[in-house]
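Only heavy atoms go into these numbers, but all of them, side chains included; no hydrogens, no water, no symmetry mates. Quick note on labels: first sequence line is chain A, next is B, and so on, each numbered from 1.
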There are 2 protein chains.
Amino acid sequence: MASVFPLADLRRSNTPRAWLNSIIKGDCVAALEALPDKSVDMIFADPPYNLQLGGALHRPDQSLVDAVDDEWDQFASFEAYDAFTRAWLLACRRVLKPTGTIWVIGSYHNIFRVGATLQDLNFWILNDIVWRKTNPMPNFKGRRFQNAHETMIWASPDPKGKGYTFNYDALKAANDDVQMRSDWLFPICSGAERLKGEDGKKIHPTQKPEALLARCILSASKPGDVILDPFFGSGTTGAVAKRLGRNFVGIEREQDYIDAASARIAAVQPLGSNELTVMTGKKAEPRVAFTALIEAGLLKPGQVLISEKRRHTAIIRADGTLVSGDDSGSIHRVGARVQGLDACNGWTFWHYEERGKLKPIDALRGVIREQMAKLG
Amino acid sequence: MASVFPLADLRRSNTPRAWLNSIIKGDCVAALEALPDKSVDMIFADPPYNLQLGGALHRPDQSLVDAVDDEWDQFASFEAYDAFTRAWLLACRRVLKPTGTIWVIGSYHNIFRVGATLQDLNFWILNDIVWRKTNPMPNFKGRRFQNAHETMIWASPDPKGKGYTFNYDALKAANDDVQMRSDWLFPICSGAERLKGEDGKKIHPTQKPEALLARCILSASKPGDVILDPFFGSGTTGAVAKRLGRNFVGIEREQDYIDAASARIAAVQPLGSNELTVMTGKKAEPRVAFTALIEAGLLKPGQVLISEKRRHTAIIRADGTLVSGDDSGSIHRVGARVQGLDACNGWTFWHYEERGKLKPIDALRGVIREQMAKLG
DNA sequence: ATGCGAGCTGAATCTATGA
DNA sequence: ATCATAGATTCAGCTCGCA
């Protein structure tokens with residue numbers, strides 16, 4: 001079982017990070033306040049949606065729709081909901097690292113208030129993501145469009161929004177080599193994945209699909225990161241985090257949910273490190289100075305570099321700069337100047353000739369990087 | 001030409017509904033205040049989004065992205081934007097019939113503030129609708145998900161939300177006899193539909209596609225209804241309303257936009273009553289991400305994929321990439337690398353084993369595509 | 001005519017690092 | 001904190017020129 005921490009015990013504990021990979025039992029804001037500053041890499045929050053339901057809803061066959069009418073989803077007014085939202089988001093902001101990010105999921109009942117509050121608290125929205133449901137509940141009265149999606153907001157606590165983890169290259173590689181879009185398609189959580197009690201009834205009314213959490217976690221965290229869920233519920237965040245080699249912290253008030261989540265997480269088998277390696281692109285590779293190519297003898301001072309369509313040439317100087325007519329400087333600067341542009345990636349712009357063929361000097365970086373790799 | 005009404009002239013006019021099928025030139029709120037109470041059946045509003053752009057943005061080929069940096073999109077703060085939003089929504093509420101509805105479109109920059117303000121003003125949200133773009137602009141720096149959608153809020157001024165027009169059956173009939181969902185797929189406005197000046201440049205930076213307006217108007221109004229657009233711009237709302245046999249009123253400040261919209265609307269030929277059927281959108285694109293197979297549980301991280309003649313193998317990683325020896329990346333890239341080729345279709349190259357037999361992973365796409373096809 | 005390839009463009013809150 | 005510099009980064013669809 002994942003360990004459970006009554007909040008009072010956690011406050012008394014002297015062990016640093018005793019809360020790691022455990023569920024803190026208590027009020028969301030109070031529990032957050034017991035965690036250290038800047039201790040969490042990613043937050044996934046599935047707060048109460050503040051549904052404002054009228055009477056009971058029946059299907060066309062007169063069966064009753066099992067509505068979310070739990071006590072924890074009741075708020076007296078929008079003002080009360082806003083105050084609640086502000087409080088837990090502020091508490092989240094403190095425990096989140098400046099390079100961390102937060103996800104909040106909601107529907108049209110609450111997501112506008114959550115989004116506005118995030119902005120008011122100076123979070124910086126990176127994307128809004130639409131979860132399109134393959135199998136949403138129909139609209140039984142035929143008075144609206146079928147409500148077939150929910151919305152997630154992905155935001156950085158830093159208004160400049162830099163330095164956060166985003167596994168762009170892995171997402172693109174996994175998506176037929178095109179960028180991952182802001183609209184995602186997943187089934188709702190049902191079947192074997194849906195936690196049920198001995199009576200066969202669902203344990204939690206709004207259990208989220210693991211695939212949704214997996215996409216969020218794989219997008220915006222690294223193995224070993226700490227992922228916090230302040231409304232832990234049935235523990236989907238914890239189960240997926242564990243499976244994907246991340247650490248988790250959950251906060252939950254209701255003992256029934258804690259029991260179910262704890263058992264669920266205990267049964268999760270983490271993936272091995274080979275399966276968890278994150279695909280990275282050029283950005284993550286070690287830098288290679290242009291002079292390293294000269295020092296390694298792959299290029300020589302006096303040698304001519306050529307642009308792809310042979311429109312421009314430049315000569316390599318011994319100090320690792322280029323000269324082309326009146327322009328001189330780095331491979332990037334000269335590449336930009338000869339084209340009349342502000343910027344240029346010299347590694348892909350400049351080519352060298354080998355047996356009559358032009359190859360980008362970028363290819364030579366690979367040789368250097370292989371040498372570096374051998375040295376450890 | 002559609003008639004244009006300087007606001008001062010409208011105020012002096014004694015003719016009832018002189019403003020019908022015309023463009024009122026003036027400030028949004030002031031013009032709304034010149035219209036009678038409860039005179040409008042539907043409002044479509046495309047307010048400024050309050051984009052907060054940093055410096056210039058260049059594409060990878062160094063060309064400049066033509067940003068929306070117009071004066072009308074500049075606000076000093078969220079407070080200023082909220083005050084603006086509140087003012088025009090309040091003015092809209094007065095002119096809207098109790099049985100009417102309002103649509104507001106926006107992006108994550110402004111839609112949360114709009115939605116919260118609607119709720120604060122006691123509008124009743126009926127749906128939030130996602131416009132999924134078939135051809136959105138990419139994210140050039142690879143630091144976010146491609147922003148591939150915008151959001152519309154559809155709301156009633158009556159908190160009980162009764163009596164409004166919703167052409168449920170027509171929408172369902174036009175949608176393969178299943179309910180119309182809250183996620184719609186349309187291309188952005190480009191090509192011949194995009195209004196351009198003599199210089200070939202776009203007249204308006206944010207012209208919306210007619211198909212989008214047609215879906216809204218056909219969903220929530222009847223022929224002969226009055227449709228108001230308080231941010232008329234290039235007049236898409238007016239053009240589509242006229243074509244669909246509805247009356248329109250537009251409000252716009254800028255003379256250039258008024259001129260273009262006026263000429264555009266004059267050229268519109270209204271449809272006959274027989275032809276006023278619901279337009280259908282595009283079908284969902286068939287692309288299936290490799291991750292979708294993992295997310296659906298059809299393949300698992302750690303599982304081995306095999307080439308047809310069992311010459312090559314690769315292991316599936318959790319992020320949806322493959323690894324084979326030193327090579328890693330998308331199914332296509334790894335397929336190419338292990339064969340020493342430039343390109344490879346990973347869908348047909350890689351196989352999974354089932355009861356001793358190899359089947360191409362492409363077969364699993366069929367399962368996913370069936371799900372997607374159901375969504376229309 | 002038809003096909004092909006190069007070029008252009010769309011509501012965009014779009015970098016990381018070291019001095 | 002600012003500033004300079006290295007160098008990484010795009011998808012779908014339309015238009016136009018040319019074979």
Considering every strand and a 4.0 Å limit on heavy-atom distances, what is the contact class for [X]: base, sugar-phosphate, or nothing?
| X | result |
| --- | --- |
| S107(B) | nothing |
| G55(B) | base |
| L126(A) | nothing |
| K201(B) | nothing |
| N127(A) | nothing |
| D66(B) | sugar-phosphate |
| V178(A) | sugar-phosphate |
| P47(B) | base |
| R143(B) | sugar-phosphate |
| N139(B) | base |
| G281(A) | nothing |

Protein-nucleotide distance ([X], atom [atom1]; [N], atom [atom2]), rounded to Å:
| X | N | atom1 | atom2 | value |
| --- | --- | --- | --- | --- |
| Y49(B) | dA12(C) | OH | P | 10 Å |
| K133(B) | dT9(C) | NZ | P | 18 Å |
| K208(B) | dA11(C) | NZ | C1' | 6 Å |
| N110(B) | dA12(C) | CG | P | 13 Å |
| M137(B) | dT9(C) | CE | P | 11 Å |
| D176(A) | dA12(D) | CG | P | 10 Å |
| N50(B) | dA11(C) | CG | C1' | 12 Å |
| R181(A) | dA12(C) | CZ | C1' | 15 Å |

Does [X] come within less than 4.0 Å of [Y], counting only side-chain N to carboxylate O?
| X | Y | answer |
| --- | --- | --- |
| E150(B) | R132(B) | no |
| D120(A) | R113(B) | yes |
| R181(A) | D183(A) | yes |
| K222(A) | D41(A) | no |

If we count only N and O atoms by modelled type, under 3.5 Å, do the side chains of K208(B) and T236(B) hold a donor and an acceptor together?
no
Using a 4.0 Å heavy-atom cut-off to protein, can you give one letter per nucleotide of nucleotides 1-8 of chain D, 5' to 3': B if the base is in contact, S if only the sugar-phosphate is, - if neither?
-----SBB
Expressed as a whole number of Å, how far does the [atom1] atom of [N] sit from that of [M]?
| N | M | atom1 | answer |
| --- | --- | --- | --- |
| dC18(D) | dA1(C) | C1' | 14 Å |
| dT10(D) | dG7(C) | C1' | 14 Å |
| dA8(D) | dG18(C) | P | 15 Å |

Charged tip of [X] within 45° of [Y] ring normal and under 6.0 Å:
| X | Y | value |
| --- | --- | --- |
| R215(B) | F186(B) | no |
| R365(B) | W347(B) | yes |
| R253(B) | F231(B) | no |

[X] (side chain) donor-acceptor with [Y] (main chain) under 3.5 angstrom:
| X | Y | answer |
| --- | --- | --- |
| D169(A) | A173(A) | no |
| Q303(A) | K300(A) | yes |
| R369(A) | P286(A) | yes |

Secondary structure of DNA chain D in dot-bracket form (Watson-Crick or G-U wobble, distances below 3.5 Å, | marking inter-strand pairs)
.|||||....|||||||||
dA16(C), OP1 or OP2 - any side-chain N/O from Y164(A) closer than 4.0 Å?
no
Ignoring backbone atoms, test whether K162(A) places a side-chain nitrogen or oxygen under 4.0 Å from the OP1 or OP2 oxygen of dA16(C).
no
5′-ward residue of the pair D61(B)/G142(B) relative to DNA chain C
D61(B)
Would you state whether a donor and an acceptor, one from the side chain of R194(B) and one from the base of dG13(D), lie under 3.5 Å apart?
no
Does the side chain of N110(B) come within less than 4.5 Å of T85(B)'s, by heavy atoms?
no
When you measure from the side chain of [X], which nucleotide among [options] comes out closest?
| X | options | value |
| --- | --- | --- |
| Q146(B) | dT10(D), dA16(C), dC11(D) | dC11(D) |
| H109(B) | dG10(C), dA12(C), dT10(D) | dA12(C) |
| T134(B) | dT10(D), dG13(D), dA12(C) | dG13(D) |

